[in-house]
Amino acid sequence: MDRYLVFGHPVRHSKSPFIHTLFARQTQQELEYGLAEPAVDEFAQALRTFFDQGGKGCNVTVPFKEQAFTLVDCLSPRAKRAGAVNTIKLTDDGVLLGDNTDGAGLVADLKSHGVTLADSRILLLGAGGAARGALAPLLAELPSELVIANRTHTKAQQLAAEFHDLGPVTAQTYEQLAGPFDLVINSTSASLQGELPPLAPALIHTDIAIYDMMYGASDTAFISWAKQHGARQTMDGLGMLVEQAAEAFTVWRGIRPGTKQVLRELKRNLGVI
């Protein structure tokens with residue numbers, strides 16, 4: 001049976017085995033999907049061993065995405081742009097192909113919620129790996145402007161300069177931000193600690209869409225804050241998790257699974273519904 005894994009540290013909390021098992025059942029694909037949690041300095045060896053022993057593909061999560069970028073034989077265009085790899089496939093020619101499905105998953109989830117990206121003004125909070133992976137797919141949707149804001153302004157400036165050839169992307173400090181924005185995406189990990197990015201409440205209005213890439217059984221700190229200041233449409237990253245997994249499954253198996261029922265099952269598993 002074809003074997004797949006998710007590599008991460010820590011990774012025991014991962015819902016990827018749950019998601020991909022449902023995808024396999026839905027599409028009648030014979031495969032098994034497990035977890036691997038090597039020590040941070042043992043990832044390269046663990047990855048080689050997995051494929052040497054017949055593995056067909058894997059997902060890669062924190063903190064290994066940038067390292068995986070350097071370990072594969074070739075990169076998809078979106079992985080090159082993201083500077084990180086979250087999906088690896090062993091091709092029929094024995095080549096390790098690195099891909100990045102995070103941004104595609106984000107865009108698919110936003111669209112599933114009815115969010116219009118074309119001609120919209122988007123604010124992206126954070127300038128780390130999650131923001132980097134999201135930029136090219138977001139800009140491909142032709143927003144009127146995409147503004148990056150980050151606590152370390154120079155990182156936002158560097159990221160904006162790197163992606164400027166793809167569309168109207170700029171960097172601003174949190175103090176410089178002026179509305180209105182149609183969509184705010186929080187790519188920072190602040191919600192994991194129950195913290196908030198230093199965003200002015202005045203930027204929140206009733207017609208804004210709020211998206212936090214983090215998720216949990218209840219609202220993240222950022223979503224709770226946005227609701228308190230009048231945001232009516234708020235979304236967490238659970239749908240993105242399922243959509244990026246569906247994209248990875250398509251890369252591996254050549255068949256695209258449906259995501260709606262799997263997302264419902266995942267919410268039930270998490271106690272969200």
Side-chain angles (χ1 to χ4, degrees), residues 78 81-84 100-191 196-215 220-223 225-227 229-241 243-244 247:
R78 57 190 179 184
R81 269 293 184 180
N100 190 303
T101 66
D102 285 332
L106 170 65
V107 168
D109 192 37
L110 286 165
K111 289 182 175 180
S112 76
H113 284 94
V115 176
T116 299
L117 297 173
D119 296 320
S120 64
R121 190 162 184 253
I122 300 172
L123 173 58
L124 180 61
L125 307 179
R132 176 180 289 275
L135 273 168
L138 285 171
L139 289 168
E141 297 298 318
L142 305 178
S144 62
E145 184 182 16
L146 194 155
V147 178
I148 305 170
N150 188 60
R151 288 181 187 270
T152 306
H153 183 52
T154 53
K155 286 188 67 176
Q157 290 176 308
Q158 291 165 2
L159 205 54
E162 187 175 334
F163 284 83
H164 195 262
D165 61 311
L166 298 185
V169 56
T170 60
Q172 295 181 16
T173 67
Y174 278 98
E175 293 74 25
Q176 289 173 327
L177 294 175
F181 289 99
D182 301 297
L183 169 65
V184 178
I185 301 170
N186 181 22
S187 77
T188 75
S189 59
S191 289
L196 294 170
L199 193 65
L203 291 173
I204 306 301
H205 55 87
T206 54
D207 294 326
I208 202 168
I210 298 292
Y211 195 99
D212 194 339
M213 289 189 186
M214 302 297 110
Y215 63 88
T220 67
F222 184 64
I223 285 177
W225 175 86
K227 283 182 175 179
H229 290 93
R232 291 188 298 200
Q233 184 176 20
T234 59
M235 301 149 280
D236 68 14
L238 199 60
M240 176 182 172
L241 175 69
E243 293 290 350
Q244 66 81 23
E247 188 79 8

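Excluded from the calculations below are hydrogen atoms, water molecules and symmetry mates; all remaining heavy atoms, backbone and side chain alike, are included.
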What distance separates [X] [atom1] from [Y] [atom2], expressed to the nearest 0.5 Å?
| X | Y | atom1 | atom2 | result |
| --- | --- | --- | --- | --- |
| Leu196 | Leu125 | CG | CG | 10.5 Å |
| Ile185 | Leu123 | CD1 | CG | 8.5 Å |
| Gln172 | Gln157 | CD | CD | 11.0 Å |
| Thr234 | Ile208 | OG1 | CD1 | 11.5 Å |
| His113 | Leu183 | NE2 | CG | 12.0 Å |

Check whether any side-chain heavy atom of [X] sits under 4.5 Å from a side-chain heavy atom of [Y], and report yes or no.
| X | Y | answer |
| --- | --- | --- |
| Val107 | Leu138 | yes |
| Asn186 | Leu199 | no |
| Phe222 | Asp236 | no |
| Tyr215 | Thr220 | no |
| Glu141 | Ile122 | no |
| Met235 | Val115 | yes |
| Val169 | Leu159 | no |

Give me the ring orientation class for His229 and Trp225: parallel if the planes are under 30° apart, tilted from 30 to 60°, perpendicular past 60°.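 Judged by the thresholds at 30° and 60°, the geometry between His229 and Trp225 is tilted.
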
Closest approach of [X] and [Y], non-hydrogen atoms and distance?
| X | Y | value |
| --- | --- | --- |
| Ala127 | Ile148 | CB-CG2, 4.5 Å |
| Ala178 | Leu203 | C-CD2, 3.9 Å |
| Glu243 | Ala108 | OE1-CB, 3.7 Å |
| Ala130 | Ser187 | CB-O, 3.7 Å |
| Pro143 | Ser120 | CB-O, 3.3 Å |
| Asp165 | Glu162 | OD1-O, 3.4 Å |

Before giving the answer on side chain to side chain contact (heavy atoms under 4.5 Å, CB included), spell out for Asp212 and Ile210 the whole-Å C-alpha distance, their side-chain angles and the decisive distance to 0.1 Å. CA-CA 7 Å; Asp212 194 339; Ile210 298 292; 5.8 Å; no

Test log, rule side chain to side chain contact (heavy atoms under 4.5 Å, CB included), inputs Leu146 and Phe163: CA-CA 11 Å; Leu146 194 155; Phe163 284 83; over 6 Å; no

For the side chain of [X] and the backbone of [Y], is there at least one donor-acceptor N/O pair under 3.5 Å apart?
| X | Y | value |
| --- | --- | --- |
| Asn150 | Lys155 | no |
| Asp182 | Arg121 | yes |
| His205 | Asp207 | yes |

Checking side chain to side chain contact (heavy atoms under 4.5 Å, CB included) for the pair Val147/Phe181: CA distance, chi angles, key distance, verdict? CA-CA 9 Å; Val147 178; Phe181 289 99; 3.9 Å; yes

Sequence neighbours excluded, which residues qualify as side chain to side chain donor-acceptor pair (under 3.5 Å) partners of Glu247?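 Scan of Glu247 (side chain to side chain donor-acceptor pair (under 3.5 Å), adjacent residues dropped) gives Arg78, Arg256.
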
Test Asp102 against Met213 for side chain to side chain contact (heavy atoms under 4.5 Å, CB included), laying out the working first. CA-CA 10 Å; Asp102 285 332; Met213 289 189 186; over 6 Å; no

